[in-house]
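Letters A, B, ... mirror the listed sequences (proteins, then strands); counts begin at 1. Keep in mind that this is a model prediction, so the values were computed, not measured.
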Amino acid sequence: MKTPIQLTPPKGPVELTLPKARQIEGSRAIAEAVGLCRPQVICAYPITPQTHIVEELSAMVKTGELMDCEFINVESEFAALSVAIGASAAGARAYTATSSQGLLYMAEAVYNASGMQLPIVMTLGNRAIGAPINIWNDHSDAMALRDAGWVLLFAETNQEAIDLHLQAFRLAEELSTPVMVCVDGFILTHAYEEVELPTPEAVDRWLPKFQPRQVLDPAEPITMGALVGPESFSEVRYLAHRKQLRALERIPELSAEFNATFGRNSGGILRTYKTEGAETIVLAMGSINGTIEDAIDELRRNGHAIGAVILTTFRPFPYASVAAALKNASQAIVVEKSLTAGMGGPLAADVTLALANTSTPVYSVIAGLGGRPIPQASLESIFERARDRELPETTFLDLHWDAVNQAITKELSWTPHT
Amino acid sequence: MNVEAKETMNVEAGQKIKFYQTGTLTVGNRLLDEDLRTVQASEERSNAITSGHRACQGCGEALGARYALDAAMRAANGKIIAVNATGCLEVFSTPYPETSWTLPWLHSLFGNAASVASGVAAALRRLGKADIRVVAQGGDGGTTDIGFACLSGMFERNDDVLYLCYDNQGYMNTGVQRSSATPPTARTATTPAVGTAPGNIFGTGKDVPRIAMAHGIPYVATASVADLHDLERKVTNAMQVRGARYIHILVPCPLGWGTVTNATIRVARLATESGLFPLFEAEHGEIVASSPIRRAVPVEDYLKIQSRFAHLFRPTRDDAHLAALQAIADKNIQRYNLLRNDHGNDARKEAA
Amino acid sequence: MFQVRIHGRGGQGVVTAAELLSMTAFTEGLHAQAFPSFGSERMGAPVAAFCRISNTPIRTREPIADPDGVIVQDPTLIHLFDLFGGLSKEGFVLVNSSRTPESLGLSAILEKLPTGHVRTIPATEIAREKIGRPIPNIAMLGGFAAMTGIITLKALAWAIHTKFPKALAEKNIEAAQAAFAAVQHAIAGEPIAARGEELMV
């Protein structure tokens, strides 16, 4: 049984001046981080759970806290990203944010932005996709557009969400490619926790003024978005692929430089947690890694050789890094908040491919769909079953089988009218 | 894929134009006083969309775009960025690695030209380059159908964009399908001339210039390739103001309308003279000017030279639908007071 | 780790209470995390918010299933939901009511928890008097501070000042002080008074 841990006795406010770290909402933290990157055009359309981010930004622009920035309230997500496309092509640093259905509604523009190599940064407050309509967190939205040619980075904490935004603008503008920062909706966006924001001066040193690779300019007119036929299309696509591979090299370099500049180990391809000597390694993306780490600590106390890989860079997919991180494990468990009906877990599929030349089995755990909690106890029980070699290839965590079976029975009993 | 225009263009922006046609109305009346001459009559015109593009013979859109953009270029001292919706104009002007555009030009998607233009305008404002003006352009499909939400958003925010709709009354780029700008009874690939009510259905479609006016934007106009002088004047007028502006230009499509390729101007003129396509200007939601018709021609004269309306005349004459189409023209004549005499009164009533 | 679950209805400042509790703990030099129950609930609907307080960084972000403290801002929820599910043996319960826990039907939870770990305070009345609006959240936090000792009134006042404009902050601090005093009186064996005397912060 759990007993309350005795906390340090209250000693009164430690600092009444503004401390370096602050206890603020994730959305506020992300908005301030975006503000520090000095975007010149922000366009947004509200969708839960992204709303707080753009509300904060609109207030920052209105009060003058964020100077030299246009905040445009548009009529749809399709327009939001389209405005960002226009602004970026005209040489402005452009930002937008969305979630779920909003990402799908802008899907055509998502591909367009990457095809035109426009360095737009977008926050995705991860949320499930309907039907049935569901406003809660999972990764279905990011998965739906995982192959749209954007760099996709996943934050574990709000501190990492801040740091990833700072790195995203650098990466986007250095390579001239759009970057999406994925932040678990509600779980991170609406959580109050301590974060540290760098000073504007430090960010200005980190992120140079935006120098567009290509720009619409009457002094040097160019044509952007021409019609490309079969004779050149493959080459264009290959170059896009090559750019993504280049991002895979640049991401860890930027993470190391970020660490040297700001003193925090954030971003990069992936992080490992207690993988030394681990027989079982759990791989996951986003905020669920906190609970996984707690579970690993608990199991390690009981002598279970288990560790974790926290995957930050999901696209481009780091096959070699994932294979290297898992190479000493006798089994890998992928815990993911998405399910491709008829296929299984998309992240598990990628990890399986990364381990194609090994004999390491990959077990898929589908969890947390549509905001279903992922209790530490449920994870521990899964990991224990894995240790005992009892885990099936795919597990649906805490699925209510009685409800499922009832629906299946009903479906099977249906007969057409005669 | 972006094309470095400089590498592939034969004609640089601002280069003097060689006139192959002289003394024609098209090139424009160099016998007139200088301030009455057309933009196209000037050897200094910009040649925004230059020769060598792949438009069909007799294309109204290519003609309209050249006149409109050159007028905009003159008004903005050559500082124009153009955003283009997907469509014929985009396809025929930019087959990679070639481009006909001598101005900075961006094509993003079919339905988002107005939003992309809003983004360009916002960036220019923020970058202190508001002397560079933004023009968005699309066909009727990209404007009145798939791009309509973005267009309305750009209007209601009053973004500093001149939107040019080249209306050829259908999806000509994809093979002549019906759009919400296709007139009633017109035959298209998706409104075939079969059944009891052949062609496009009566009671459908939308009047986007009037919807634009309902947004209260500073300037709305209709124009036609039948009166290029008037088109240039309206673009010039539009460029004198900031905010959202809309010009809806009738550009006949020989392929889609079933007209001979040398009838483009003639059929456009008949559209206006019959009252089916009234020419007017509006400011802040109110009509401020319209082009009177000297003598209203029967809609039949306009319809019978287009094969998309052939089923109204053959095998039997469809008097009911012809009368219904005439009623549309009559209503326009009344609404915009097109048959007014010098005193502004309805000439028909006075004659009667 | 000390975990708090706050139950109430939309419009009662449940989410703000969790946020303020986390800010208060943060001010004390502790690690804290607060988050709402992520619903699309409208005004009047049952809502919950969570707060974790710890000496070490908090990693998990799952909803709190085994709280150490439960704050009930609306007593009408008591018999609608299992508000005290997973509550630790040493846990605390504070209910917004001018009635006694026994009369609210809380006997079962009274028996489970140590003496003095289940209390009621008339937070709505306190709020109405001090703030002029029946928003009980801050008064509940004042009472919770007195009851648990997890946070100080001083740190709570600082957090309130950070969150609200000056005039509103001062009224809210008064409400917190009154509730704090009311619970202190109750602990000292004195009757709970809605009009508790002022405490210096």
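C:T162 places none of its side-chain heavy atoms less than 4.5 Å from the side chain of A:R22. A:I288 has its side chain within reach of C:E62: a pair of non-hydrogen atoms, C-beta onward, lies under 4.5 Å apart.
Here the CG-CD1 distance, from A:D294 to C:I58, works out to 10.0 Å after rounding to the nearest 0.5 Å.
Heavy-atom contacts from other residues, nucleotides or ligands closer than 6.0 Å to OH of A:Y105 number 12 or fewer. Other residues, nucleotides and ligands contribute more than 12 heavy atoms inside 6.0 Å of the CZ atom of A:R300. Sparse packing is recorded around CD1 of A:I133, with 12 or fewer heavy atoms of other residues, nucleotides or ligands lying under 6.0 Å away.
Listed here is the closest heavy atom pair of C:F26 and A:A21: CZ-O, 3.2 Å. Residues C:S22 and A:Y192 come closest through the heavy atom pair OG-CB, 3.8 Å. Contact record, A:N158 with C:R61: N-NH2, 4.3 Å, taken as the closest heavy-atom pair.
Per-residue counts of heavy-atom pairs under 4.5 Å with chain C were compared for A:A295, A:A377, A:P373, A:G371; the largest is that of A:P373.
Of the two parts of C:H161, neither the backbone nor the side chain holds a non-hydrogen atom closer than 4.5 Å to a non-hydrogen atom of chain A. Residue A:N134 does not touch chain C at all, counting heavy-atom pairs closer than 4.5 Å. Looking at A:E25, there are no atoms closer than 4.5 Å to chain C (heavy atoms on both sides), in backbone or side chain. For a residue to count as touching a neighbouring chain, one of its non-hydrogen atoms must lie under 4.5 Å from one of that chain's; by this rule A:T48 does not touch chain C.
Side-chain N or O atoms of C:Q33 include none that pairs as donor or acceptor with a backbone N or O of A:E193 at under 3.5 Å. A donor-acceptor pair under 3.5 Å is formed between the side chain of A:Q23 and the backbone N or O of C:A32.
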